[in-house]
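Written below as structure tokens is the structure these notes are about.
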Amino acid sequence: DAGVIQSPRHEVTEMGQEVTLRCKPISGHNSLFWYRQTMMRGLELLIYFNNNVPIDDSGMPEDRFSAKMPNASFSTLKIQPSEPRDSAVYFCASTKETTNQPQHFGDGTRLSIL
Amino acid sequence: GESVGLHLPTLSVQEGDNSIINCAYSNSASDYFIWYKQESGKGPQFIIDIRSNMDKRQGQRVTVLLNKTVKHLSLQIAATQPGDSAVYFCAENIGSTLGRLYFGRGTQLTVWP
């Protein structure tokens with residue numbers, strides 16, 4: 001079975017540019033989570049969706065960050081404009097909307113903003 | 001949760017020994033716990049989970065123990081192998097039906113041949 005698929009795996013871009021990260025959750029999963037991981041702060045939840053609806057975006061750092069889930073099989077996380085401090089690994093995870101189910105993670109996008 | 005400093009707790013063990021990784025949680029309402037393994041360049045990978053109505057659960061070479069009295073969770077790995085070297089995270093769900101998890105900072109396990 002296909003797991004959570006993220007693209008691109010690596011992104012290097014100059015500050016000020018727009019960055020779009022993509023995620024395809026596991027089929028049948030209807031909760032989707034975006035995380036950011038850095039050495040300084042560990043794994044941080046940015047936003048999560050349930051049935052394509054954003055439930056909690058309190059972890060989004062600032063207005064430069066936005067996320068969408070237009071359908072059950074696709075989500076994007078966008079940073080515009082990007083800054084060097086946004087450099088991190090961004091993970092997407094999905095799970096079924098039932099209690100006591102583990103989240104399944106993609107392999108992440110390693111983002112470097114120069 | 002686990003330590004909030006800049007450095008991950010570390011554990012170094014000899015190949016073949018047993019490993020014990022510990023995690024403290026703070027919310028007594030937490031009812032579901034998961035251990036993840038993260039290898040370099042990869043996402044966290046599910047290892048084993050446990051519900052709050054249990055105090056022990058075993059998998060293949062792994063055992064999770066839950067002590068709700070002191071809010072403590074541990075992961076035991078039997079006969080540790082070099083391939084077990086990774087960062088291990090505990091995560092807790094605080095009664096949410098939407099699957100939100102709260103993660104600890106992780107423990108770096110290094111296995112020496």
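Chain naming here is simple, since letters A, B, ... match the order of the sequence lines and numbering starts at 1 in each.
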Problem set entry | Joint cluster assignment, L65(B) & V62(B), ILVMFWY side-chain distance < 4.5 Å | no

Problem set entry | Selection from E44(A), R41(A), Q6(A), H104(A) maximising heavy-atom pairs under 4.5 Å formed with chain B | R41(A)

Exercise. Honestly curious: do Y90(A) and M15(A) fall in one hydrophobic cluster under the side-chain, below-4.5 Å linking rule?
Worked result: yes

For this session: Give the minimum heavy-atom separation between P102(A) and I34(B), together with the two atoms involved.
Result: CA-CD1, 3.5 Å

Problem set entry | Distance (rounded to the nearest 0.5 Å) between F103(B) CZ and L45(A) CG | 9.0 Å

Problem set entry | Residues, nucleotides or ligands: over 12 heavy atoms within 6.0 Å of E62(A) CD | yes

Exercise. Got a second to check how far N93(B)'s CG is from Q101(A)'s CD, nearest 0.5 Å?
Worked result: 10.5 Å

Exercise. Same hydrophobic cluster for I47(B) and V13(B), using side-chain heavy-atom links shorter than 4.5 Å among ILVMFWY?
Worked result: yes

For this session: Tell me, for L101(B) versus chain A, whether the close heavy atoms (under 4.5 Å) come from the side chain, the backbone, both or neither.
Result: both

Problem set entry | F46(B) vs F105(A), side-chain contact (heavy atoms from CB on, under 4.5 Å): CA-CA, chis, key distance, verdict | CA-CA 9 Å; F46(B) 169 77; F105(A) 283 76; over 6 Å; no

Exercise. What is the minimum heavy-atom distance between L43(A) and P44(B), and which atoms define it?
Worked result: CD2-CG, 4.4 Å

Problem set entry | Considering all heavy atoms, the nearest F91(A)-K42(B) contact | CZ-O, 3.7 Å

Exercise. Are I26(A) and L32(A) grouped together when hydrophobic residues (ILVMFWY) are joined by side-chain heavy atoms under 4.5 angstrom apart?
Worked result: no

Exercise. Taking all atoms of both residues into account, what is the closest heavy-atom pair of M39(A) and R105(B), and its distance?
Worked result: O-NH2, 3.1 Å

Exercise. Near K68(B) NZ, under 6.0 Å, is it more than 12 heavy atoms from other residues, nucleotides or ligands?
Worked result: yes

Problem set entry | Verify same cluster id: I47(A), V4(A) (apolar side-chain graph, 4.5 Å) | no

Exercise. Heavy-atom count around Q60(B) CD within 6.0 Å, excluding the residue itself: above 12?
Worked result: no

For this session: Examine whether an atom of Y36(B) lies under 4.5 Å from a heavy atom of chain A, and if so say whether it belongs to the side chain, the backbone or both; otherwise answer neither.
Result: side chain

Seminar exercise, completed: Whatever's closer than 4.5 Å to a heavy atom in chain A on Q38(B) counts as side chain

